[in-house]
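Below is one structure, written out as structure tokens, with a few remarks after it.
Below, all heavy atoms of this structure are taken into account, side chains as well, without hydrogens, waters or symmetry copies. The chains referred to below are lettered A, B, ... by the order of the sequence lines, with proteins before strands, and numbering in each begins at 1.
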2 protein chains.
Amino acid sequence: MGVTVKDVARVAGVSTATVSRALRGFESVDPAVRAHVLDVAQRLDYVGSPAAAALTTGKAGSVGLITPFVDRLGFQRMLAGIESEMRGSSMDLLLHCTGDPSEPHPVPPHKRLARRVDGFIVLSISADSRDLEQILRLGMPVSMFGSRGADTSSVRVDDRAGASRAIDHLVDLGHRRLGIIYGREAVDAGVLEHEMHVGVRDAAERARLTLDQDLIVAGDYTTSGGALAMEQLLAGDDPPTAVFAFSDEMAYGAMRTMREHGLVPGRDVDLIGYDGHPMSDVLDLSTIELPFEEIGSTLARNLLDELQAPTGAHRVVTLPTRLAVRGSTTGASAR
Amino acid sequence: MGVTVKDVARVAGVSTATVSRALRGFESVDPAVRAHVLDVAQRLDYVGSPAAAALTTGKAGSVGLITPFVDRLGFQRMLAGIESEMRGSSMDLLLHCTGDPSEPHPVPPHKRLARRVDGFIVLSISADSRDLEQILRLGMPVSMFGSRGADTSSVRVDDRAGASRAIDHLVDLGHRRLGIIYGREAVDAGVLEHEMHVGVRDAAERARLTLDQDLIVAGDYTTSGGALAMEQLLAGDDPPTAVFAFSDEMAYGAMRTMREHGLVPGRDVDLIGYDGHPMSDVLDLSTIELPFEEIGSTLARNLLDELQAPTGAHRVVTLPTRLAVRGSTTGASAR
DNA sequence: GTGAAAGCGCTAACAC
DNA sequence: GTGTTAGCGCTTTCAC
């Protein structure tokens, strides 16, 4: 179908072995020969077959990106970081979305994927997930977002500190009655959810504040979930004067609900999000900014490094968060 | 390294050919034998090598997604559609971002990619792009977003009608002085940009409206670009009473600028976007909604169908847009 | 420094 | 229906 090493070898007047070596820039090839081979390959418009190379070397030449969802802003930003980091390498990126974990997989897809890639980047899969177990069991290099110990390289964010920071900010503004919109129940310790809750609790304790359990509601990490959650918070007898949403997207939903109720963030109720998406600037939403692009590029770098020079060591990187104060938290509604 | 067809064949007491046939569900295999082989394969935890299969069949078993950018909301939504459609198939998705076309590619990446995939999904590359030429030259099945004729299967949106719709809406509200924030210059006919401009012009003509060239500014498709563009529009002697931005993201930027000027969309200046991202609902931004998820799934379906049963025919699908009227267009500022 | 030859794991003809 | 055989295009010993 195409031109192969054989063709190049024939035209260049050398063996296929030499072509192979020359093309990969081996030192052991005579510079003149290498130049000639490269020239012939170029002229013949030769492109190697990754499949054949993979078959012989056992290296696939690509990495798998595994994520439970694809339609979240954080994903997009991490992807941008991953992509830019991988641009330089010759590795390809294979995208695999696990989707709803409850759906049955006819063939465990990771086994299949594993034969196509040299390593994995895993984004935010809950620690209890069977998917995650399966991936780790494959024994391939894994770079993951959100650590669950040090059994892989990972990049994480200090969510505990970040959540504390958000609460501190609201308390500093004089708020004593806080609403919390969290994502999902924290099924086990160590996951993001759990860290956030702990961060909130710690900050509340430090401020000698008791959180009203009725003001802690789930928002499912979605905009509409956040809207519903806010609805619930506003429906109570004694609504909060300030709300902390565990994700910007939920905060956006909360803003919509507020608008529908004729309420203005920063005037009637203070609101702070978590993620720091660019959109939050537009919405004038205070938030805790996470460096998603950097998370992505670090994830990629860690994996690429390990693939290039396997050490077996696990790098664990914790990236900082930053409080961005905007018009949605003014303290005007504190009492 | 792993268990191979040979192992399965040996344990099952059949030939490798039979294993191969049984595993792929060929009719010609005795049902009892097939069941037995499947059972053995399962017990042995056999997973086929895609590389080896690809080498023999010439089919890579995956499709390449080519896009110039990864950090735009439309991309994310199309990706979600593509992903969900591909979930069912056994094809893998290889992501490739062309990035800034001005950057030099050491090895034309498409040639390399082409050897890894059976076909391409191409998102919004300008028709004049050299990338696109290269991809088409490969002679592989291509499913692309935004047609440039019928030399591939494509999914497009009637941007001309969509743009007209936006202008019609503003005119209906009584506006006569319109501002336009477009993305980039339309380099050649047929591309999205061009269609949008034509749609605007047609609608203006029908309304016997002359567009002030000073009120037509570029926003580079980004939020910050939109903010700058709005700045420019407001700085003039006779600012527009209503603005149409060619993308929601630019409209978001415009909203930010308005806020900074103490202006409220729908009260002081009407504003309508284009794309219909979920965020626009939160922002109460009127917009022309495009079915990005459906675009994505249709792109994927077209390609998968062609790969499964090659016909050489090119499907061209045009998907409709929908006007979503929200609080940012009330006509209050019309005069 | 270079070539010859032996596979990598699978599938596709072709016999039986 | 099933087995035998011959590759797919590359890399990699191992000689030279």
Heavy atoms, side chains only, cut-off 4.5 Å: are [X] and [Y] in contact?
X: B/S297; Y: B/I82; answer: no
X: B/L94; Y: B/V63; answer: no
X: A/R315; Y: A/D305; answer: yes
X: A/M144; Y: A/L123; answer: no

Closest listed nucleotide, where the reference is the side chain of [X] and the choices are [options]:
X: B/T57; options: D/dG3, D/dG9, C/dA12; result: C/dA12
X: A/A17; options: D/dT2, D/dT12, C/dG9; result: D/dT12
X: A/A52; options: C/dC10, C/dA5, D/dC10; result: D/dC10
X: B/T16; options: C/dT11, D/dG3, C/dT2; result: C/dT11
X: A/V5; options: D/dG9, C/dC10, C/dG3; result: D/dG9
X: A/T18; options: D/dG3, C/dT2, D/dC8; result: C/dT2

Side-chain N,O ([X]) to OP1/OP2 ([N]) below 4.0 Å:
X: A/T4; N: D/dG9; result: no
X: B/T56; N: C/dT11; result: no
X: B/S20; N: C/dT11; result: yes

Length of the line joining [X]:[atom1] and [N]:[atom2], which is rounded to integer Å:
X: B/R10; N: D/dG3; atom1: CZ; atom2: P; result: 15 Å
X: B/L55; N: D/dG7; atom1: CG; atom2: P; result: 14 Å
X: B/K59; N: C/dC10; atom1: NZ; atom2: C1'; result: 16 Å
X: B/R116; N: D/dG9; atom1: CZ; atom2: C1'; result: 14 Å
X: A/L44; N: D/dG9; atom1: CG; atom2: P; result: 14 Å
X: A/R24; N: D/dG9; atom1: CZ; atom2: P; result: 17 Å
X: B/R115; N: D/dG9; atom1: CZ; atom2: C1'; result: 8 Å
X: B/D7; N: C/dC8; atom1: CG; atom2: P; result: 11 Å

Next item on the list: Would you mind checking if B/R34 and B/D30 are paired as a salt bridge, meaning a charged N to carboxylate O distance below 4.0 Å?
Entry: no

Item checked: Ionic contact status for B/D71 with A/R77, cut-off 4.0 Å -> no

Next item on the list: Could you list by number each residue of residues 31-42 of chain B showing a heavy-atom separation from DNA chain C of less than 4.0 Å, or answer none if no residue does?
Entry: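 Hits under 4.0 Å, by residue number: none.
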
Check: Going from OG on B/S90 to CZ on A/R112, what distance comes out if it is rounded to the nearest 0.5 angstrom?
Finding: 5.5 Å

Margin query: For a quick check, tell me whether the side chain of A/R21 and the base of C/dG3 share a donor-acceptor pair closer than 3.5 Å.
Written below: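 Yes, the side chain and the base share a sub-3.5 Å donor-acceptor pair.
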
Check: Touch check for A/F26, heavy atoms < 4.0 angstrom, all strands: base, sugar-phosphate only, or nothing?
Finding: nothing

Check: Closest approach of B/F120 and B/L138, non-hydrogen atoms and distance?
Finding: CE1-CD1, 3.8 Å

Note to self: By nearest heavy atom, map A/S15 and B/G48 onto DNA chain C; which one lands nearer the 5' end?
What the structure shows: A/S15

